[in-house]
Participant: 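Once you've had a glance at the structure underneath, I'll fire off some questions.
These numbers come from a predicted model, not from an experiment. When a ligand or atom number is given, it counts from 1 through the structure's own listing order.
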Amino acid sequence: MSPIKLIVIAILLYIGYRLLTSGKGKDKEKTDSASTDQSAGPVVDVLVEDPVCHKLVPKQQAIRLQHKEDIVYFCSESCCNRFVSQEGEKKE
Ligand SMILES: [Zn+2]
């Protein structure tokens, strides 16, 4: 096995470990205010925008929803639920 492969595997393990350890106890969601402040810290992932509160969230940590042809990402399940109910209201 080449050393480069080992380094890549080590980096992937590190990122996975970081996601596991940083996921808990983070970001107590505010129900109604559209806060734009983003959590500071090293960015190790692609940021995606939550269409409900317009917060940027790392793709790996985002709540995913298959919406028509697309996958939509949310910062929390409450935003996901709000999006689903809004979409439901649009259809008449
Ligand atoms: Zn949100």
Side-chain angles (χ1 to χ4, degrees):
M1 197 187 277
S2 71
I4 292 177
K5 267 191 186 170
L6 285 175
I7 291 171
V8 170
I9 289 170
I11 291 172
L12 289 177
L13 286 174
Y14 175 72
I15 291 173
Y17 174 74
R18 285 292 305 270
L19 289 177
L20 282 177
T21 52
S22 68
K24 56 192 169 190
K26 187 190 169 190
D27 193 20
K28 291 160 193 73
E29 58 201 45
K30 296 144 197 148
T31 44
D32 245 321
S33 66
S35 75
T36 52
D37 58 340
Q38 298 147 24
S39 54
V43 176
V44 292
D45 198 3
V46 181
L47 290 176
V48 288
E49 188 176 350
D50 182 324
V52 176
C53 69
H54 301 284
K55 197 152 76 175
L56 294 174
V57 278
K59 209 174 193 175
Q60 293 290 326
Q61 294 175 29
I63 308 286
R64 289 157 203 242
L65 175 72
Q66 181 80 43
H67 176 61
K68 292 166 189 168
E69 305 293 304
D70 304 314
I71 295 177
V72 195
Y73 298 91
F74 302 95
C75 69
S76 65
E77 273 184 57
S78 67
C79 279
C80 178
N81 291 336
R82 196 177 303 177
F83 180 81
V84 169
S85 64
Q86 283 173 358
E87 286 301 306
E89 284 168 17
K90 272 184 197 169
K91 292 174 195 147
E92 290 169 17

Participant: Output, by chain and residue number, all protein N/O/S atoms separated from the Zn ion (ligand 1) by less than 2.8 Å.
Facilitator: D50 OD2, C53 SG, C75 SG, C79 SG

Participant: Find out whether Q61 and S22 are in side-chain contact, i.e. whether some heavy atom of one side chain is under 4.5 Å from a heavy atom of the other.
Facilitator: yes

Participant: Partners of Q60 by side chain to side chain donor-acceptor pair (under 3.5 Å), sequence neighbours excluded?
Facilitator: none

Participant: Does I63 have any side-chain contact (heavy atoms from CB on, under 4.5 Å) partners at least two apart in sequence or in another chain, and if so, which?
Facilitator: F74, E77, C80

Participant: Roughly how far, to the nearest 0.5 Å, is the SG atom of C79 from the CD atom of Q86?
Facilitator: 9.5 Å

Participant: If you measure from CG on L56 to CD on E49, what distance do you get to the nearest 0.5 Å?
Facilitator: 5.5 Å

Participant: Take a 6.0 Å sphere around CD1 of I4 and say whether it holds more than 12 heavy atoms from other residues, nucleotides or ligands.
Facilitator: no

